[in-house]
Amino acid sequence: MNEDIPGPGPAGAADADAERNDFIRAFVREDVAAGRNGGRVHTRFPPEPNGYLHIGHAKAILLSWTVAQEFGGKFNLRFDDTNPEKEDVEYVESIKTDVRWLGADWEDREFHASDYFDQLYAWAQHLIREGKAYICSLDEEKIRQYRGTVTEAGRPSPDRDRPAPESLDLLERMRVGEFPEGTYTLRAKIDMAHPNMKMRDPLLYRIRRVPHHRTGDKWNIYPLYDFAHGQCDAIEGITHSLCSLEFEVNRPLYEWFIDNLPVPCRPRQIEFARLKLTYTVMSKRKLLQLVKNGHVNGWDDPRMPTLCGLRRLGYTASSINRFAERVGMAKRDSTVDLDLLKWSIREELNREAPRVMAVLRPLKVVITNYPEGQVEQIVCENNPEDPNAGTREVPFTRDLYIEQDDFREDAPRKYFRLKPGGEVRLKHAYFIRCDEIVKDAVGAVTELRCTYDPESRGGSSPDGRKVQGTLQWVSAAHAAKVEVRLYDNLFRVPFPEEGGADFLDNLNPDSLEVITGALVEPALGQVAPGYRCQFMRHGYFFADPIDSRPGAPVFNRTATLKDSWAKLEAGGKSE
RNA sequence: UGGGGCGUCGUCAAGCGGUAAGACACAAGGUUUUGGUCCUUGCAUUCGCGGGUUCGAAUCCUGCCGCCCCAACCA
C-alpha cells in the first residue's frame, strides 16, 4: 500500500456492549436464578438455507449471541433444513460467512435439523405407539376442510383412530418410498376443536420424494417445522429458543412435543418483534424478486438490506452490532427509521475514517499567478477526530480541479463557496479568488481563472482575514481518475407497500449513480479493495472488493455526510 | 370475530403504584481550515379511549377502540 495514504478504515469487530436490559434478558435471568436446566444458558440461530441473510436476521443473531455471551453460555448455528424442495447448499456458506462476520461464534457447533432425522423418526414412532399420532390418508384439500375455520371447530379425520401397528407400518412404507407424494401424512392426535388452529392435529411428516442436499435420497418423508424445531432445540441442549413473533401461536405445540416426548432438555421459546426498516423490504420473497428481475445486481448489491449487500456498501460489523443494540428488543410491531442504521455507520466512520480529497464532478481552475510547472507538497491532516492519524502530502500545482457544485455564477446570499470575485480557501493550501469565468459555445462554465494569495499558505492569512468557504481540490496533473458509485435508498418512499402498493412501483430510479470521471488525490488510486475513507464534504466511501482492480479502485458511497447547505437551499432559506 | 399478541414523543424504546429515561430524527444557537464533527438548548403536563380502585395510576381493575399473527403436506 502507498505510504502516503493512511491505513484502512475499521475492519469491524463487535465492541464491548453497555449493559442491556429487555424482557428476554429478564426471563433468562429468572430462569438462571431458578436453576432451570441447571442454570445453563444456551441459544441458537436456526436459519433455513433458502436465501441470504438480511439486517433483520442480524437482529436475531445478535440477540441470541449476546444473550449467550452475557450469561456465560453457548450459541449454536443450526440449519433448519426440513424442506428439501426450497433449500440448497448454495445458501449454507453465505449464511456462515455472514454470521461469522457479525461476530457470533458457534465454535464447533454447526448443526442441521437433518442431522436429527433418525431421532425425529424414532420419536414419531414413539408418538404412534403412545396413541398420540396416526397416519392420515386425507388429501391436502380434505385436510383443509376437516380443519374447520377460526370460528368453527374441525372434524376428526376418518383415520384418527387407525390402530398403532397399522400407522407404524404405513409410516415405514412412506419412509422407504412405497407411496406417491400426497397420499399419506403423519399427524399428531391432539384436538380438532382446539381454538388454536395449530393444535388441530398438526402434520408431522409429509411424503416428499426428492433428494435432500445433505441426506441425499435416504428419505422419502420429511418432518415439518413444528415437529422438528423444538426437538432439535432439546437435542442440542438449547435452553432459550428465541424467535420472532409469528411463532407465538406455535408455542403451545412446541411445548406439547416437549411434554410428550422423552427429550433430554426443556428449552423455552420466547418471541420478539422482527426488525423492519423504512425505505426497504425485508422478506426473502421480495428480495429474491429484486434479484431475479434485475432491479439490483445480485444479493450483494450495495442497495440490498442483505448483510452481504451492506458489507459491500461499506458497513462494518461493529456498526451493525451497535445498531442492533440501539434498536432494542420488544414485542411491539415496529419499523425502525433507516436513519438510525445510517447513523450507526457514520458515527463510527467519523471517528475512524481517514479524510481524503475527491472531486466527483470536476471543474478546471487555473491559478494564473502560480508559477507554471511548480509542484508544492501540501501537508494535510488525516483525521481531525484522531490526533494519532498523522498527516500526508498532496501535490498542489497551477492547474487544479474543484467540484462543479462549489462554483456558482449567480450565488444566493448564503452561498459560501466560490463565486465571481469571491474568495475561498482550498483546504490545507491557499486562499484563491475567482477573477474570470471561461465558457464554451453554449455558455457552460468550463474553467475558472483565479489568483492565489501566497501569504495564505496552509489555509490562513497573516492579516487575519476570513473566508467562509473551504473546498477540496486535486492537482490536474497528479489526480487519479476513478469510478465512484453513489448509492441511495432502494425505494423512494418509507413504506414501499403502503396502501397495498406494489413495492416495485416505488423503486427509487436514482438509487445508483455511477460516476466514471471522478478525480481523487494521487495516492488514492492505489488503494486496496476494502479501503474505507471519507471523501471530504461528500461522505464515507469503500473500495469495492469485487469490482476494484489494482490501480483502479471503484468507490462505493457508504453514507453521505449531513448536508445542512442542501437543507437550507431546499427550504428556500439560502437568500 | 375463535384463539394468541401488541398499543408510551415523528421513529425505536425505558418505565412494573409515587408523580414520563435514553437514542435517532427535528428545531434554534455556539465552535469549526469538512455548510462534517463537537457543544448548548428545545422537543410527550402526558402514556389508544372511557369508567373505576387509590392520598396518588402509564403502571391495578373494567368496558370499548385499533393494529398484528394463526385456517401451507413453508419456516
Side-chain angles (χ1 to χ4, degrees), chain A residues 21-22 46-48 50 80-83 85-87 136 138-140 143-145 147-154 181-187 193-200 203-208 221-222 224-226 228-229 243-252 271 273 275 278 284 323 325-344 346-347 350-351 355 357 380-381 384-385 414-417 425-429 431 456 458-460 466-472 494 534-539 560-569:
Chain A
N21 208 0
D22 53 58
E48 182 184 14
N50 70 344
D80 215 337
D81 54 355
T82 57
N83 186 356
E85 290 181 317
K86 290 188 180 171
E87 296 147 6
C136 178
L138 256 24
D139 64 26
E140 200 166 346
I143 286 178
R144 193 176 310 124
Q145 289 167 2
R147 189 148 37 211
T149 69
V150 291
T151 52
E152 306 160 47
E181 292 187 7
T183 47
Y184 290 108
T185 56
L186 177 68
R187 305 178 66 175
H194 199 108
N196 180 345
M197 299 295 290
K198 294 284 182 199
M199 300 296 272
R200 320 245 262 225
L203 274 60
L204 275 34
Y205 271 95
R206 78 294 215 185
I207 299 172
R208 273 300 101 93
I221 57 172
Y222 293 94
L224 280 113
Y225 168 84
D226 286 304
H229 202 88
C243 64
S244 44
L245 244 32
E246 68 268 30
F247 292 101
E248 212 153 19
V249 288
N250 298 62
R251 180 159 22 106
E271 312 83 13
L275 174 71
T278 55
K284 282 181 187 173
F323 169 71
E325 193 178 321
R326 263 161 169 134
V327 159
M329 194 56 65
K331 294 192 71 165
R332 181 184 338 175
D333 289 314
S334 59
T335 303
V336 172
D337 198 327
L338 219 212
D339 279 333
L340 188 62
L341 212 215
K342 293 183 177 180
W343 179 82
S344 71
R346 277 201 197 102
E347 181 227 25
N350 172 55
R351 229 181 318 114
R355 272 59 168 173
M357 296 195 285
C380 301
E381 91 184 314
E385 302 295 316
K414 289 187 177 171
Y415 186 81
F416 298 160
R417 284 111 95 145
R425 170 172 36 238
L426 294 181
K427 180 80 179 175
H428 297 308
F431 288 3
S456 64
S460 61
K466 302 288 184 202
V467 293
Q468 286 190 111
T470 301
L471 317 181
Q472 78 277 20
Q534 183 197 95
F535 285 1
M536 256 190 289
R537 307 209 299 133
H538 280 303
T560 58
L561 254 28
K562 206 182 275 178
D563 189 348
S564 51
W565 162 245
K567 200 177 282 181
L568 244 193
E569 204 174 26

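Chain letters run A, B, ... following the sequence lines, proteins first and then strands; every chain starts at 1. Computation of the quantities below employed the complete heavy-atom set of this structure, encompassing side-chain atoms and omitting hydrogens, waters and symmetry-equivalent molecules.
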- Among all residues two or more places apart in sequence or in another chain, which pass the ring-ring contact (aromatic ring centres under 6.0 Å, His included) test with A:Phe431? none
Tabulated below should be each protein N or O lying under 3.5 Å from an N or O of nucleotides 22-31 of chain B; please produce it.
unit_1	atom_1	unit_2	atom_2	d
B:C26	OP1	A:Lys567	NZ	2.9

- Residues that A:Arg251 engages under salt bridge (Lys or Arg N to Asp or Glu O under 4.0 Å), provided they are two or more places apart: A:Glu248, A:Glu271
- Item | Pairing partner of B:C49 (Watson-Crick or G-U wobble, both distances under 3.5 Å) | B:G63
- Item | With sequence neighbours excluded, residues passing ring-ring contact (aromatic ring centres under 6.0 Å, His included) with A:Tyr225 | A:His229, A:Phe247
- Residue of the set A:His428, A:His538, A:Arg355 for which side-chain hydrogen bond (donor to acceptor under 3.5 Å, both in side chains) holds with A:Gln472: A:His538
- Message: From the set B:U34, B:G35, B:C73, return the single nucleotide nearest to any side-chain atom of A:Lys414.
- Response: B:G35
- Message: I'd like to know if the side chain of A:Glu87 and the backbone of A:Asn83 have a donor-acceptor N/O pair within less than 3.5 Å.
- Response: yes
- Message: With a 4.0 Å cut-off on N to O distance, would you call A:Arg208 and A:Glu85 a salt bridge?
- Response: yes
- Message: Looking at B:C74, I'd like to know if its phosphate oxygens (OP1 or OP2) sit under 4.0 Å from a side-chain N or O belonging to A:Arg208.
- Response: yes
- Item | Sequence-distant partners of A:Phe323, ring-ring contact (aromatic ring centres under 6.0 Å, His included), two or more places apart | none
- Quick one: the side chain of A:Gln534 and the base of B:U34, do they pair up donor-acceptor inside 3.5 Å? yes
- Query: Picking from B:G36, B:A14, B:A75, which would you name as closest to the side chain of A:Thr82?
  - Reply: B:A75
- Item | Between B:G35 (C1') and A:Lys466 (NZ): distance, integer Å | 17 Å
- Counting side-chain heavy atoms from CB outward, which of B:A75, B:C73, B:U37 is closest to A:Asn83? B:A75
Between protein and nucleic acid, restricted to nucleotides 64-72 of chain B and to nitrogen or oxygen atoms under 3.5 Å apart, what atom pairs and distances do you find?
unit_1	atom_1	unit_2	atom_2	d
B:A72	OP2	A:Arg144	NE	3.1

- Message: Looking at A:Thr278 and A:Leu338, would you say the former's side chain and the latter's main chain have a donor-acceptor pair under 3.5 Å?
- Response: yes
- Item | Rounded distance in Å between the P positions of B:U8 and B:U1 | 26 Å
